[in-house]
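Heads up, the thing below is written out as structure tokens.
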Amino acid sequence: MMTIGEFSRASRLSAKVLRRYDELGLLRPARVDPYTAYRYYTEDQLERARLVGWLRRLGMPPDRTREVCDRYVTDPDAAARAVRAHWARAEAETAARRSLAASLTDLLEGPRTMTTHPYALTAAAHTDPGLTRPAQQDAAVAGPRLLAVADGYGPAGAQAARTAVGALAGPLPERTGDLLNALEDAVTRAGADIAAHGGDSGTTLIAAAWTGSRLAVAHVGDSRAYRLRDGALLALTRDHTVVQDMIDAGELTPAEAAAHPDRPLLLRALDGTTPAAPDLTVHEARPGDRYLLCTDGLSAVVPTDDIRRALAHGTPDETVHELTALAHARGGPDNLACVVADVTPASPDGEPQPFPRRLP
């Protein structure tokens, strides 16, 4: 047996850390003196102690650390996959924060207030039940300053989607930082309202608020936002799904993920059971940019190249109907909601002005 001091020196973990790991159930001592409460360890525990320390340095939460350590005993390959998946999630979250930090840095270096509105949005929304679903559970809204889509699921999915979109209603602030706060608050309200209804239901939500030259985006779930600029289509969001984590960890290719049986499983949604913090980003706009917000009734059915080609021409209203027709041509297996918005120069009164759309 090793005293806690001896074990601390051998494992390079302080006695304070070892006591904390005991409290968290990550590393129980082999024996605790019933009179002095002094902890004793065995040499065989050194490997787990070091593994716990390394995993905690990776920022892995206690419950996942415990799971990886337990798996390592019986299935080292599964433990390795769990570490890869954790790091893939960490890198994805870091990338999202990096995007937000870059946007906010640009914002802070520029004017503190928005006194002019150089650009405006022209937008259209459309929802469709698809060709096989008995009810429509998706929702969408498109206005001069707010775009949103929500994909409800469960017995009260339609109500959950409407609740999520409804939580965004109301005046929007002008400053980008205030807009991000407003979007985050709206997501929190939506989660609380959905919880109040109860039931095994929930919704995804993606919302975009317009400042006049920037788009602030809040995202929970697997509904998506894209930007078409100069003929190139860029995904602005990352799915909060099991298969996306597997893609990030190198366990699946995007093509394999499309047909994976776990593709619909969400890691984050507004279901009222646990708080779902949205990913928040800010995007600088240019005249001619076109934005698409859509549920997976479109993105999971229609290939990205077909979506890009559809976005490359037509008015927003024409395009949302063309996208719906593309989903129908592939069987229309799910409800669909989409919003298409164009960035155009604004007149002195803030109204959108025509802007020619160049074909790729």
Margin query: Ignoring hydrogens, what is the shortest heavy-atom contact between Leu179 and Ala209? Give both atom names and the distance.
Written below: CD2-CB, 3.5 Å
Notebook entry, point to check: So do the side chains of Leu55 and Cys69 get within less than 4.5 Å of each other, counting heavy atoms only?
Noted result: yes
Notebook entry, point to check: Distance-only, no hydrogens or angles: does the Thr122 side chain make a donor-acceptor pair with backbone N or O of Asp342 under 3.5 Å?
Noted result: no
Margin query: Quick check: closest heavy atoms across Leu121 and Pro144, and the distance to 0.1 Å?
Written below: CB-O, 3.9 Å
Note to self: Minimum heavy-atom separation for Glu284 and Tyr291, please, with both atom names.
What the structure shows: O-OH, 3.8 Å
Margin query: Against Arg263, only a single residue in Val242, Asp296, Thr241, Asp239 fulfils side chain to side chain contact (heavy atoms under 4.5 Å, CB included); can you say which?
Written below: Asp296
Note to self: Can you tell me which residue among Thr204, Leu266, Asp279 is in a side chain to side chain contact (heavy atoms under 4.5 Å, CB included) with His240?
What the structure shows: Asp279
Notebook entry, point to check: Under 3.5 Å, side chain of Arg145 to main-chain N/O of Pro173, donor-acceptor pair present?
Noted result: yes
Margin query: Using a 3.5 Å distance criterion without hydrogens, assess whether the side chain of Asn335 forms a donor-acceptor pair with backbone atoms of Gln137.
Written below: yes
Margin query: Quick check on the hydrophobic clustering: are Met2 and Leu27 connected, directly or via other members, by side-chain heavy-atom contacts under 4.5 Å?
Written below: yes
Item checked: Side-chain (Arg290) to main-chain (Leu311) donor-acceptor, under 3.5 angstrom -> yes
Check: Does Tyr72 OH have over 12 foreign heavy atoms under 6.0 Å away?
Finding: no
Check: How far apart are the C-alpha atoms of His283 and Asp289, what are their side-chain angles, what is the distance that settles it, and do they pass the side-chain contact (heavy atoms from CB on, under 4.5 Å) test?
Finding: CA-CA 11 Å; His283 305 276; Asp289 284 354; over 6 Å; no
Note to self: For the CZ atom on Arg50, are there more than 12 heavy atoms of other groups (residues, nucleotides or ligands in this structure) within a distance under 6.0 Å?
What the structure shows: yes
Next item on the list: Indicate yes or no for a side-chain donor-acceptor contact from Glu6 to the backbone of Tyr40 under 3.5 Å, with no hydrogens or angles considered.
Entry: no
Next item on the list: Say whether, by atom type as modelled, one donor and one acceptor occur between the side chain of Thr211 and the main chain of Glu174 under 3.5 angstrom.
Entry: no
Next item on the list: Test salt bridge (Lys or Arg N to Asp or Glu O under 4.0 Å) on Arg48 and Asp70 and set out the steps.
Entry: CA-CA 9 Å; Arg48 183 181 177 102; Asp70 292 344; 3.2 Å; yes
Check: Taking the side chain as C-beta and beyond, is there a heavy-atom pair between Gln45 and Ser11 under 4.5 Å?
Finding: no
Notebook entry, point to check: Looking at Asp200 and Pro155, what are the two nearest heavy atoms and their distance?
Noted result: O-CD, 3.3 Å
Next item on the list: Could you grab the distance from atom CZ of Arg175 to atom CZ of Arg214, nearest 0.5 Å is fine?
Entry: 11.0 Å
Margin query: Membership question, hydrophobic clusters at under 4.5 Å side-chain separation (ILVMFWY): are Tyr38 and Leu13 in the same one?
Written below: yes
Checklist line | Co-membership, hydrophobic cluster, residues Val343 and Leu234, 4.5 Å side-chain | finding: yes
Check: Between His321 (side chain) and Leu323 (backbone), is there a donor-acceptor pair under 3.5 Å?
Finding: no
Check: Do the side chains of Leu18 and Leu26 join up, straight or via other hydrophobic residues, at under 4.5 Å, putting them in one cluster?
Finding: yes
Checklist line | Heavy-atom pair of closest approach, residues Ala30 and Thr42 | finding: CB-CG2, 3.7 Å
Checklist line | Rounded distance (nearest 0.5 Å) linking atom CD1 of Ile194 with atom CG of Asp271 | finding: 8.0 Å
Margin query: As an exercise, state the distance from CG of Leu51 to CG of Leu46, rounded to the nearest 0.5 Å.
Written below: 12.5 Å
Notebook entry, point to check: Are the side chain of His86 and the backbone of Leu58 linked by a donor-acceptor contact shorter than 3.5 Å?
Noted result: yes
Notebook entry, point to check: Do Thr163 and Asp193 pass the side-chain hydrogen bond (donor to acceptor under 3.5 Å, both in side chains) test, and can you show the C-alpha distance, the side-chain angles, and the key distance before you say yes or no?
Noted result: CA-CA 7 Å; Thr163 297; Asp193 291 344; over 6 Å; no
Check: Does a side chain donor of either Asp128 or His328 reach within less than 3.5 Å of an acceptor in the other side chain?
Finding: yes
Next item on the list: Give, for atom CD of Glu43 and atom CZ of Phe7, the distance between the pair rounded to the nearest 0.5 Å.
Entry: 9.5 Å
Check: Between the side chains of Arg39 and Tyr41, does any donor sit under 3.5 Å from an acceptor?
Finding: no
Note to self: Hydrophobic clusters here meaning ILVMFWY residues chained together by side-chain heavy-atom distances under 4.5 Å, can you tell me if Val220 and Tyr153 are in one?
What the structure shows: no
Check: Is it the case that more than 12 heavy atoms not belonging to Arg20 sit under 6.0 Å from its CZ atom?
Finding: no
Check: In Å and rounded to the nearest 0.5 Å, what is the OG to CG distance from Ser299 to Leu293?
Finding: 11.0 Å
Check: Hey, what's the ring geometry for Tyr119 with Trp210, parallel, tilted or perpendicular (30° and 60° as the breaks)?
Finding: tilted
Next item on the list: Starting at OG1 of Thr74, measure out to CG of Asp77 and round the result to the nearest 0.5 Å.
Entry: 11.0 Å
Next item on the list: Identify the heavy atoms of Ser223 and Thr237 that sit nearest to each other, and give their distance.
Entry: O-OG1, 4.0 Å
Checklist line | NZ/NE/NH1/NH2 to OD/OE distance under 4.0 Å, Arg71 and Glu67 | finding: yes
Note to self: Looking at Arg286, I'd like to know if its CZ atom is crowded, meaning that more than 12 non-hydrogen atoms belonging to other residues, nucleotides or ligands lie closer than 6.0 Å.
What the structure shows: no
Notebook entry, point to check: Are any of the side-chain heavy atoms of Pro62 and Arg56 separated by less than 4.5 Å?
Noted result: yes
Next item on the list: Please answer whether the main-chain N or O of Leu265 pairs with a side-chain N or O of Asp262 as donor and acceptor at a distance below 3.5 Å.
Entry: no
Check: How about Cys338 and Leu292: do any of their side-chain heavy atoms sit closer than 4.5 Å?
Finding: yes
Item checked: Salt-bridge criterion met for Arg309 and Asp306 (N-O under 4.0 Å) -> yes
Item checked: Heavy-atom check, side chain of Leu183 versus side chain of Leu168, under 4.5 Å -> yes
Check: With side chains defined as the heavy atoms from C-beta onward, is the minimum distance between Leu236 and His219 less than 4.5 Å?
Finding: no
Next item on the list: Determine the sole option in Asp151, Asp138, Asp334 for which the salt bridge (charged side-chain N to carboxylate O under 4.0 Å, His left out) test with Arg133 is passed.
Entry: Asp334
Note to self: Whether the side chain of Arg224 engages the backbone of Leu298 through a donor-acceptor N/O pair (distance < 3.5 Å, no angle test) should be reported.
What the structure shows: no
